[in-house]
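A short write-up of the structure that comes next.
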2 protein chains.
Amino acid sequence: MSIKKIPETTISRLFLYLRKVTELSKLSMKRVSSAELGESLHLGAAQVRKDLGYFGHFGVSGAGYVVQELKEKLSKILGKDKTFNVAIVGTGNLGTALLAYSGFKKQGLNLVAAFDTDVNKIGKQLQGVEIKAVSHMKDIIKEKKISLGIIAVPAKGAQDVADILTNAGVKCILNFAPRYLNVPEEVKVRNVDLSRELEILSYFLGNGKKVKL
Amino acid sequence: MSIKKIPETTISRLFLYLRKVTELSKLSMKRVSSAELGESLHLGAAQVRKDLGYFGHFGVSGAGYVVQELKEKLSKILGKDKTFNVAIVGTGNLGTALLAYSGFKKQGLNLVAAFDTDVNKIGKQLQGVEIKAVSHMKDIIKEKKISLGIIAVPAKGAQDVADILTNAGVKCILNFAPRYLNVPEEVKVRNVDLSRELEILSYFLGNGKKVKL
DNA sequence: GTATGTGAAGTAATTCACAGCT
DNA sequence: AGCTGTGAATTACTTCACATAC
């Protein structure tokens, strides 16, 4: 293995491999081939091998991968051994659903703060977290050492929220607002744009056969 | 313009152009250049022109695009003039948030049915829609001519739901369950995997400088 | 002069195909 | 014999650059 840039798509697939290999390990399976790993994820064997290859030689030629070992190495690579503090900004319907989302702890993420501008919401408890005013955000983020921020506010407020977050030292943002966020280079943003997902699907509904996706 | 395969990334950007051009039209702007269009979306001028070029010659050489005209053409291309009926399956936190999501109508999507397996929920009203049993799904989907299904159930039930949906004639699926769905070739699926988004971000948190994304 | 439309060049990701290890 | 690891080939997308139209 040589030093190469690792595509983000590869990182994203590694989590799928980890999920799968965790299942297999529960089923007490000892070995797994690249073809088997890719199968239910509809990925080719070559793709799986190339992805894993970025991180070293995990496999046994002629015999596939040792399930337990692969699981441990992937967990390590993917930072599943670490935990991070998370804040959510915006406690509307989507924010509330996300607060209730039990997946956080599984990802090693502790939801430690929630913010809103609505005075009727401030002070209320949600999933054991007290909703605070956005005006206190900077201090609380520093104080609680929050490194990941989730933006679930309307589009027009999103950039301001992103500015405050990055100013306070947040390194990653999951953005649900339907707009592009300008952030400093070292900050990583991922966007989930529900409107756009729906729009894209409705495009395919309208265009049926015309476009081969 | 010749007949070419249109990348899905292009389709997805067209919606961004439409949003922007709609804003500009509200501001009574008459013309817009490809550079201006791309600017706040952090897309290059060439990218914008290439995307629009897939669908014909909309622009005026030397003068950019006529805002109103571009808006109308994009609306047409993207099927914004049509409406579709939508069903949601799973009325947990996420499903409820989506039901409440006001973006639907804007996309020309009418949420006309909601399904759950929980007997305590069945019969209740949510956002003016009565929650029905999953066992009645097939008939209701046909009867109400539902063409888009949203899956917001846990991973283990998701494939079964997808089977019922596609069997009943649903053509597009927005899947929030963290697993790959096997569907007939003509059915279009888009996946929103919140766990994975969080995982990917936490990978970047853990690996700070090491990986240039 | 200015900005489009588009081949050509460049970059990135996927898939192929096979040498080499067990 | 079987399956990995990886360069080479392919495919997909983006960016460049310029002839063309207004």
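Owing to the predicted nature of the structure, the values given are computational and were not obtained by experimental measurement. We use all heavy atoms of the structure for the numbers below, so side chains are in, but hydrogens, waters and symmetry mates are not. Every chain is numbered from 1, with letters handed out A, B, ... down the list of sequences.
One finds a side-chain N or O of B:Arg13 lying less than 4.0 angstrom from the OP1 or OP2 phosphate oxygen of D:dT14. For B:Tyr65 and C:dG5, the shortest distance from a side-chain N or O to OP1 or OP2 is below 4.0 Å. OP1 and OP2 of D:dA21 both lie 4.0 Å or more from every side-chain N or O belonging to B:His57.
In this entry the distance linking OH of A:Tyr54 with P of D:dT6 reads 11 Å, nearest Å. Counting to the nearest Å, the C1' atom of C:dT14 and the CD1 atom of A:Ile6 are 17 Å from each other. Between A:Lys73 atom NZ and D:dT4 atom P there is a gap of 15 Å when expressed in whole angstrom units. Per the geometry, CD1 belonging to B:Ile11 stands 16 Å off C1' belonging to D:dT14, to the nearest Å. The nearest whole Å value for the distance from the CD atom in B:Glu8 to the P atom in C:dA13 is 17 Å. Atoms CG (A:Leu70) and P (D:dT4) sit 11 Å apart, rounded to a whole Å. Distance, B:Leu52 CG to C:dT4 P: 9 Å, rounded to whole Å.
Taking the six-membered ring for Trp, B:Phe104 and B:Tyr101 have ring centres closer than 6.0 Å.
No donor-acceptor pair under 3.5 Å is formed between the side chain of A:Asn110 and the backbone N or O of A:Asn85.
Using a 30° and 60° split on the angle between ring planes, A:Phe15 and B:Tyr203 fall in the perpendicular class, above 60°.
Near DNA chain D, meaning a heavy atom under 4.0 Å away, the residues from residues 17-51 of chain B are B:Ala46, B:Gln47, B:Arg49, B:Lys50.
Counting non-hydrogen atoms under 4.0 angstrom, B:Thr10 reaches nothing in the nucleic acid.
For the pair B:Ser75/B:Leu18, a side-chain contact is recorded, criterion being any heavy-atom separation below 4.5 Å from C-beta on.
Salt-bridge formation is detected for the pair B:Glu8/B:Arg190: a Lys NZ or Arg NE/NH1/NH2 atom is positioned less than 4.0 Å from an Asp or Glu carboxylate oxygen.
A:Lys30 and A:Gln68 form no side-chain donor-acceptor contact under 3.5 Å, judged by distance and modelled atom types alone.
Tested against A:Glu199 for a salt bridge (Lys or Arg N to Asp or Glu O under 4.0 Å), the candidates B:Lys106, B:Arg19, B:Lys82 yield a single pass: B:Arg19.
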